[in-house]
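Take this structure first; my questions come after.
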Amino acid sequence: MNQIQRLRGMVDVLPEQTERWQAVEKLAREHFYRAGFKEIRTPLIEVTELFSRSIGEATDVVGKEMYTFSDRGDRSCTLRPEGTASVVRAVLEHGLLNQGSQRLWYAGPMFRYERPQAGRQRQFHQMGVECFGLDSPRSDVEVIAIAWDFLQALGLDSLVLELNSLGSTEDRKNYRALLVEWLESRYEHLDPDSKQRLKTNPLRILDSKNSHTQSLLQDAPTLQKSLCDESSDRFKAVQNFLEALQIPYKINPKLVRGLDYYSHTAFEITSEHLGAQATVCGGGRYDGLVEQLGGPSVSGIGWAIGMERLIMLLEGFKTGGSSPDAYLVNKGDKAEAKALELARKLRSASLSIELDGSGSSFGKQFKRANRSGATWAVVLGDDEVNSGQVRLKKLYCSNNSSSENDLLVDYSDLDRLLALLRS
RNA sequence: GCGGGCGUCGCCAAGUGGUUAAGGCAGCGGCUUGUGGCGCCGCUAUUCGGGGGUUCGAAUCCCCUCGCUCGCCCCA
């Protein structure tokens, strides 16, 4: 194959799909706006250290999935694998936290060097929100509700909100020690993956898909029991607020987010229609992150939605489709010149006009006019030019192909023409 | 990084060792250089992802390679 192809894991979104994307993006923007969120746009490339420090050296994302390269100044750069780190960096760099709490949203491509599969690409798109300086459990629920309501507004059913608390950093440290000790005494019974993870990221063993390991874990110490009173009160409060808002949720004690910076509330919204990668939306609280990146001790909470996965769920939904208001049929030297001019005039009056540029027979042009889905055909030929008129023909209505029912309008009478085309 | 499935026209596909690689959709052209949605006719793969090999002969068998896809790991 000599034809140049796209890079592996990169996806072209074709016109047929972009309409759906735009509809989703528009709806999301409305939800963000109504919730008082402002957009932030950060670069696609950052210094590598930003991600290794925030996401965590031991995570797969940092360990093996980053697009990292040296630039000409020999700096190590990385294409962003997620949005949160960049947003925190930007917020600190521009002193936004000095102006009180912040509610931000972002959208754009992310890059992870992984083997592509259903719902996973190397360049993928996320829309997300990040809040800083909102500490109460009420904020957790407010933020979750934005995601939930947005997804509901898209008409998605059979979504499940899964919830867990990872406790404070302290709680997690304690629990980690407990769990490691417990697992080490049963080391022989663990599957190879879990043995490996015992060294790198023991909490992740909890959501192992190995059934043997899972049954072993039945009796393992739980994270819940390691939560201090304050942490478990907070978790309880989150649940109460969710119930008050009548947002259904399922506690999943094994939900452990992969990125190091999460603490307390962690959640995912999943769908059974997505194949192996079931998570459409994932997020949680990251109270230590801002400080870890050199900022003040300010709390954070946010989530990200995977656009491609969301679009997959929307596959069955109609988006209306767009067709031009009018199709401009034109033939003959003078008529073609006039048509070009007329198209421009109509467009500047904000009509959508498809101009036939083929110069082929009227019959052919009408066929295309029909296919375009336009409501009107605007006809310009030598006869019309000679009489200073255009001929309007309503498409897709009757089966008359005669020109008796056509409307003739002077093309100098733009107002009348516009009025007709809009009717 | 590791496993499974697959690769014939823009799309869907037949063909599984023998001279010219079905068919459908879409596209283009004609019947119809002044009028459309129907119909009819015609055109559109010197070639079967790419390379090498076996054979008198390969899209069909073998090897390598590339790509797609599903799953594992992990994440959105």
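In what follows, every chain begins at residue 1, and chains take the letters A, B, ... in the order their sequences are listed.
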Worksheet item: For RNA chain B, which residues in residues 416-423 of chain A have a heavy atom at a distance below 4.0 Å?
Response: none
Worksheet item: Does C2(B) have a Watson-Crick or wobble partner in any strand here, with both distances under 3.5 angstrom, and which is it?
Response: G71(B)
Worksheet item: Given atom CD of E114(A) and atom C1' of C70(B), what is their separation to the nearest angstrom?
Response: 15 Å
Practice prompt. Using a 4.0 Å heavy-atom cut-off across all strands, classify K64(A) as base, sugar-phosphate, or nothing.
Written response: base
Item to complete: Would you check if there is a donor-acceptor pair between the side chains of T222(A) and Q224(A) at a distance under 3.5 Å?
Response: no
Practice prompt. Among C74(B), G34(B), U35(B), find the nucleotide with the atom closest to the side chain of F366(A).
Written response: U35(B)
Worksheet entry | Pair assignment for U47(B), Watson-Crick or G-U wobble, requiring both distances under 3.5 Å | none
Worksheet entry | Heavy-atom donor-acceptor pair, Q365(A) side-chain to G34(B) base, under 3.5 Å | no
Response to the item:
From the candidates U33(B), U35(B), G39(B), the one with an atom nearest any side-chain atom of K367(A) is G39(B)
Discussion item. Please find the pair of heavy atoms, one from V256(A) and one from R204(A), that lie closest to each other, and give the distance.
Written reply: O-NH1, 3.0 Å
Worksheet item: Using the C1' atom in both, what is the distance from G24(B) to U69(B), to the nearest Å?
Response: 25 Å
Fill in: Earlier contact from the 5' end, RNA chain B, for T279(A) and G9(A)
G9(A)
Discussion item. Could you tell me how far C6(B) sits from U65(B) if I compare only their C1' atoms? Round to whole Å.
Written reply: 16 Å
Worksheet item: When all nucleic acid strands are considered with a 4.0 Å heavy-atom cut-off, which category describes G282(A): base, sugar-phosphate, or nothing?
Response: sugar-phosphate
Worksheet item: Mind checking who A26(B) pairs with, Watson-Crick or G-U wobble, both distances under 3.5 Å?
Response: none
Discussion item. Quick check for you: among C73(B), G34(B), G71(B), whose closest atom lies nearest to any side-chain atom of A118(A)?
Written reply: G71(B)
Discussion item. If the cut-off is 4.0 Å, is R8(A) near the phosphate of C68(B), judged by side-chain N/O to OP1 or OP2?
Written reply: yes
Worksheet item: Is D140(A) salt-bridged to R234(A), going by a charged N under 4.0 Å from an acidic O?
Response: yes
Worksheet entry | Span that lies between the C1' atom of U8(B) and that of U16(B), in whole angstrom | 13 Å
Worksheet item: Going by modelled atom types, is there a donor-acceptor pair between the base of C74(B) and the side chain of E65(A) at under 3.5 Å?
Response: no
Worksheet item: Given atom CG of L328(A) and atom P of U35(B), what is their separation to the nearest angstrom?
Response: 19 Å
Worksheet entry | Watson-Crick or G-U wobble partner of C38(B), both distances under 3.5 Å | none
Item to complete: Name the nucleic acid region contacted by G275(A), choosing base, sugar-phosphate or nothing; use a 4.0 angstrom heavy-atom cut-off, strictly under.
Response: sugar-phosphate
Sort me out a list of protein N/O and nucleotides 25-28 of chain B N/O pairs below 3.5 Å, or just none if empty.
residue, atom, partner, partner atom, Å
G27(B), OP1, R371(A), NE, 3.3
G27(B), OP1, R371(A), NH1, 3.2

Item to complete: Round to a whole Å and report the spacing from CG of N330(A) to P of U35(B).
Response: 17 Å
Worksheet entry | Non-hydrogen atoms of S299(A) and R285(A) that approach each other most closely | CB-NH1, 3.5 Å
Discussion item. Can you measure L274(A) atom CG to C74(B) atom C1' for me and round it to whole angstrom units?
Written reply: 16 Å
Fill in: Check against side chain to side chain contact (heavy atoms under 4.5 Å, CB included), D260(A) and E57(A)
CA-CA 9 Å; D260(A) 277 4; E57(A) 294 282 2; over 6 Å; no
Worksheet entry | Stacking check F362(A) vs G34(B) (5.5 Å / 30 deg) | yes
Worksheet item: OP1 or OP2 of A76(B) sitting under 4.0 Å from any side-chain N/O of Q126(A)?
Response: no
Response to the item:
Picking from C68(B), C74(B), G36(B), the nucleotide nearest the side-chain atoms of L395(A) would be G36(B)
Worksheet entry | Nearest atoms (heavy-atom pairs only) where S372(A) meets Y327(A) | OG-CD1, 3.5 Å
Worksheet entry | Trace of the side-chain hydrogen bond (donor to acceptor under 3.5 Å, both in side chains) decision for E384(A) with Y411(A) | CA-CA 9 Å; E384(A) 286 78 10; Y411(A) 51 64; over 6 Å; no
Fill in: P gap between G23(B) and C41(B), integer Å
13 Å
Item to complete: Compare the minimum distances between each of U33(B), C70(B), U35(B) and the side chain of K331(A), then state the nucleotide with the smallest one.
Response: U33(B)
Practice prompt. Using the ring of F111(A) (Phe, Tyr or Trp, six-membered ring only), decide whether R122(A) places NZ or CZ under 6.0 Å from its centre and within 45 degrees of its axis.
Written response: no
Worksheet item: Should A58(B) form a Watson-Crick or G-U wobble pair with both distances under 3.5 Å, which nucleotide is its partner?
Response: none
Worksheet item: Judged by atom type as modelled, is there a donor-acceptor pair below 3.5 Å linking the side chain of R176(A) to the main-chain atoms of L203(A)?
Response: no
Item to complete: Could you check R120(A) against V379(A) and say which one's nearest nucleotide on RNA chain B is further toward the 5' end?
Response: V379(A)
Practice prompt. Pick the C1' atom in G49(B) and in C66(B), then give their distance to the nearest Å.
Written response: 7 Å
Worksheet item: Rounded to whole angstroms, how far apart are OH on Y113(A) and C1' on C73(B)?
Response: 16 Å
Worksheet item: Which ring pair (Phe, Tyr, Trp, His ring centres under 6.0 Å) pairs, counting each pair once, include a residue from residues 6-36 of chain A, with sequence neighbours left out?
Response: W21(A)-H125(A), H31(A)-F150(A), F32(A)-W105(A)
Fill in: Atom-to-atom span, NZ of K393(A) to P of U35(B) - whole angstrom
10 Å
Practice prompt. Answer yes or no: is there an ion pair linking E142(A) with R138(A), defined by an N-O contact shorter than 4.0 Å?
Written response: no
Practice prompt. For atom CZ of R41(A), decide whether the heavy atoms of other residues, nucleotides or ligands shown that lie under 6.0 angstrom number more than 12.
Written response: no
Discussion item. What's the gap between U54(B) and C70(B) when it is taken at their C1' atoms, as a whole Å value?
Written reply: 33 Å
Worksheet item: Given atom CD of Q117(A) and atom C1' of G1(B), what is their separation to the nearest angstrom?
Response: 13 Å
Worksheet entry | Shortest non-hydrogen separation from M66(A) to V61(A) and the atoms involved | CG-O, 3.1 Å
Worksheet item: Ring stacking, F124(A) with base of A76(B), under 5.5 Å and under 30°?
Response: yes
Discussion item. Expressed as a whole number of angstroms, how long is the span from R204(A):CZ to C72(B):P?
Written reply: 13 Å
Practice prompt. Considering only atom P, compute the distance from A22(B) to C38(B) and round it to an integer number of Å.
Written response: 27 Å
Worksheet, complete the sentence: Regarding the side chain of R115(A), the nearest nucleotide among C73(B), G36(B), G3(B) is G3(B)
Discussion item. With rounding to the closest Å, how many angstrom separate the P atoms on G39(B) and A59(B)?
Written reply: 37 Å
